> 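Here it is: the structure, laid out below.
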Amino acid sequence: MTTTVPDSGQDERSAEAARHAEARRLADKMWSYCDVLRDAGVSAIDYVEQLTYLLFLKMADERAKLPVSLGGGRILPEGISWEALKKLTGAALEEAYREALTELGKEKGILGTVFRKAQNRVQEPALLRKLIVDLMDNETWGRQGTDVKGDAYEQLLARSATDVKSGAGQYFTPRPLINAIVDCVRPTPGDTIIDPACGTGGFLLAANDYIRKHHTDLTPGQRHRLTHGEAFLGTELVDGTARLAAMNMLLHGMCQADGESPIETEDALANYPTVRASLVLANPPFGKKSAITVIGLDGKATRDDVAYERQDFWQTTTNKQLNFVQHIARLMAIPGRAAVVLPDNVLFEGGAGEGIRRALLKEYDVHTLLRLPTGIFYAGGVKANVLFFDRKPASEEPWTKNLWVYDFRTGQHFTLKQNPLRREHLQDFVDVYLPGESPDARVETERFRKFTYDELVARDKCNLDIFWLKDPSLEDADALQPPEIIAQEIVDDLQAALNEFAAIAEALQNRAVSGDSGGPSPDEAR
């Protein structure tokens, strides 16, 4: 007689497949009304925002009906309830809903973050009632696990990112890239993980997923940190995006509906860090425009409508990306580590850029640079990199010994639709990165090279825009990419050039206003 031994791995895979299927069903159902509202003038990202309000209200109603022993309790202030909204129609529904959003926006904690400056953009009461009664009320959200609810919401955000006209994609970092970065830095339950430009929270969610998969023996204290908004913190300047991030984290079980918000809605550059991060993961906004003035250690300042002092910065500049590099450096604990997505100009820009790079190389261990290909971001014309660096105790000697550069750009051709980036495309980088091991154990490959500190600081302007490979398609006609990919790359290059010219024009305009008649340096004009 043969005894059949249950395959626990197969059971786990089946359960995961069922969760994915249910998440897809929920996402499809919630997305089904998007086209209807788009015809009524509601963009895709606005639609997700409206669903966020309704989803929170419905979940709060379900929680209020549970006994306290099962985690039940009222979250919403008196006078606001899901049941009351369900009974209304027409102008009465629209007015009551608008008043509810206004009152909820005055609350503190995560409730206030989700509803801060909330507005009803569904101007047709009949459509609003359809969303409430036909869409949201027909689901019991409390019975869905955090994996299902969170994954469904994340799918909604991913779909809204493809809405080019709304610009939603600028807040959405490609998930395969995020996952590869997180696999390299290996978050732990003891980390305090901060994203100072968190967008919809993709980095924080990926870090949470990694910890849950690789640390199954959590202590009660660790579990509390991971589920009560203590281990994962984010800052986002835009109210609408901050609410999406907060809701995303709530649905993934990373904070509590009646607790403090893990997302701060403010300008991250405006204040000194109050909490230090053992791990920073970030993709700061691209674009050089800055509406504020930084006063650095050099005592210089550029006058503008709004000014603040950050005397902990190495250099004075109105370049947002350079300021984010300085902010992240100061945000890190000792010891601490960071992985930051940065545009090319941060690597080669002269003036303040050179000073910041030299200071970073000396005071921090800048150990890895990943050069990214074009065609992977929703925003066009983006040429970016991922810089990995660690903070160590003060030292007389430079902390950076070697910078390892991985060229994932040359010869790589991606598009968002025909040839999208997948996680396996980055596996070779993760393998040679040697997560958890000393960089001293790394081995050079065709795409992975080591550059010493002395070599780096000897380069003109301490330029870190380093490349050595040749694109095979430039030498071999048989290696040419399909026409649609070539066309998209041309568009991306032109967009990147326009972005640089816009930055030069802005710099010239700022100098004209401040009375400085000097033109941009060759590096600034690059």
Side-chain angles (χ1 to χ4, degrees), residues 9 12-13 16 173-189 191 193 202-216 278-283 335-342 344 347 364-377 383-390 400-415 419-453 455-456 464-473 479:
E12 185 176 335
R13 288 191 293 272
E16 185 174 356
T173 306
R175 292 309 182 249
L177 174 60
I178 287 180
N179 291 334
I181 292 172
V182 169
D183 285 344
C184 288
V185 297
R186 301 173 66 195
T188 71
D191 275 320
I193 303 168
F203 272 115
L204 300 176
L205 267 63
N208 177 58
D209 288 344
Y210 183 94
I211 292 171
R212 288 172 59 193
K213 290 177 181 177
H214 293 83
H215 299 271
T216 57
S278 59
L279 174 59
V280 179
L281 299 168
N283 179 9
R337 58 204 194 282
V340 188
V341 180
L342 297 168
D344 278 9
L347 302 182
Y364 291 70
D365 182 7
V366 186
H367 54 80
T368 312
L369 176 68
L370 169 63
R371 292 176 56 84
L372 295 173
T374 58
I376 66 172
F377 293 94
K383 291 188 175 181
N385 316 265
V386 185
L387 192 64
F388 297 80
F389 55 97
D390 298 342
T400 300
K401 306 304 180 186
N402 301 294
L403 172 64
W404 288 81
V405 181
Y406 188 96
D407 187 349
F408 186 54
R409 181 179 302 176
T410 304
Q412 299 293 323
H413 305 276
F414 296 96
T415 60
N419 185 33
L421 177 72
R422 298 191 304 274
R423 172 61 182 81
E424 54 263 34
H425 290 138
L426 287 156
Q427 188 56 47
D428 182 64
F429 168 69
V430 176
D431 290 341
V432 297
Y433 185 99
L434 297 180
E437 299 186 35
S438 169
D440 294 338
R442 293 173 173 175
V443 177
E444 288 190 333
T445 67
E446 181 184 21
R447 289 192 177 273
F448 199 40
R449 285 196 179 179
K450 178 177 66 175
F451 298 86
T452 67
Y453 174 82
E455 289 176 315
L456 298 173
L464 302 184
D465 188 26
I466 303 171
F467 51 92
W468 59 93
L469 296 176
K470 292 184 178 180
D471 193 327
S473 64

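Here, residue 1 is the first one in the sequence, and each next residue gets the next number. It should be emphasised that the depicted structure is a prediction, and the values quoted were computed from it without experimental measurement.
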> Using the ring-ring contact (aromatic ring centres under 6.0 Å, His included) criterion, which residues pair with Tyr433? Sequence neighbours excluded.
Phe388, Phe429
> Between Leu369 and Leu347, does the side-chain contact (heavy atoms from CB on, under 4.5 Å) criterion hold? Intermediate values first, please.
CA-CA 10 Å; Leu369 176 68; Leu347 302 182; 4.1 Å; yes
> I'd like to check Trp468 versus Val405 (side-chain heavy atoms, cut-off strictly below 4.5 Å). Are they in contact?
yes
> Would you compute the distance between atom OG1 of Thr368 and atom CD1 of Ile181 and round it to the nearest 0.5 angstrom?
11.5 Å
> For Asn385 and Leu342, indicate whether the former's side chain and the latter's backbone hold a donor-acceptor pair under 3.5 Å.
yes
> Is any side-chain heavy atom of Ile193 closer than 4.5 Å to one of Phe203?
no
> Rounded to the nearest 0.5 Å, what separates atom CG in Asp407 from atom CG in Leu469?
4.5 Å
> Just how far is it from atom OG1 of Thr452 to atom CG of Leu403, taken to the nearest 0.5 Å?
10.0 Å
> So, using salt bridge (charged side-chain N to carboxylate O under 4.0 Å, His left out) as the criterion, who are the partners of Asp209 when residues are at least two apart?
none
> According to ring-ring contact (aromatic ring centres under 6.0 Å, His included), who are the partners of His367, at least two apart in sequence or on a separate chain?
none
> Kindly write out the residues that satisfy ring-ring contact (aromatic ring centres under 6.0 Å, His included) with Phe408, not counting sequence neighbours, or none if the list is empty.
Phe414
> Ala180: which residues meet the side chain to side chain contact (heavy atoms under 4.5 Å, CB included) condition with it, sequence neighbours left out?
Arg423, Leu426, Val430
> Closest heavy-atom contact between Ala384 and Asp344?
N-OD1, 4.0 Å
> Which pairs count as salt bridge (Lys or Arg N to Asp or Glu O under 4.0 Å) when at least one residue sits in residues 364-374, sequence neighbours excluded?
Asp365-Lys392, Arg371-Asp465
> Flag the pair Asp183 / Gln427 as yes when at least one side-chain heavy-atom distance between them is below 4.5 Å, and no otherwise.
no
> For Arg186, check salt bridge (charged side-chain N to carboxylate O under 4.0 Å, His left out) against everything at least two apart and list the hits.
none
> With distance as the sole test, does Asn179 use its side chain to make a donor-acceptor pair with the main-chain N or O of Pro176 at under 3.5 Å?
no
> Within a strict 4.5 Å, meaning less than it, do heavy atoms of the Leu281 and Leu204 side chains meet?
no
> Give a yes or no on whether the backbone of Phe448 and the side-chain of Thr445 come within a donor-acceptor separation of less than 3.5 Å.
yes
> Listed by chain and number, what are the salt bridge (charged side-chain N to carboxylate O under 4.0 Å, His left out) partners of Arg449, not counting sequence neighbours?
none
> Check side-chain hydrogen bond (donor to acceptor under 3.5 Å, both in side chains) between Thr400 and all other residues, then give those that pass, not counting sequence neighbours.
none
> Under 4.5 Å between any side-chain heavy atoms of Ile466 and Leu456, yes or no?
yes
> Assess the residue pair Asn283 and Phe377 against the criterion (side-chain contact (heavy atoms from CB on, under 4.5 Å)); give the C-alpha distance rounded to whole Å, side-chain angles, the decisive distance to 0.1 Å, and a yes or no.
CA-CA 11 Å; Asn283 179 9; Phe377 293 94; 4.0 Å; yes
> Taking only residues at least two apart or on different chains, which pairs with a member in residues 430-448 satisfy salt bridge (Lys or Arg N to Asp or Glu O under 4.0 Å)?
none
> Got a sec, which residues hit ring-ring contact (aromatic ring centres under 6.0 Å, His included) with His214, two or more places apart in sequence or on another chain?
Tyr210
> Got Lys383 and Thr374 here, is their nearest side-chain heavy-atom distance under 4.5 Å?
yes
> Excluding sequence neighbours, so at least two apart, what forms salt bridge (charged side-chain N to carboxylate O under 4.0 Å, His left out) with Glu424?
Arg422
> Classify the ring geometry of Phe389 against Tyr364: parallel below 30°, tilted from 30° to 60°, perpendicular beyond 60°.
perpendicular
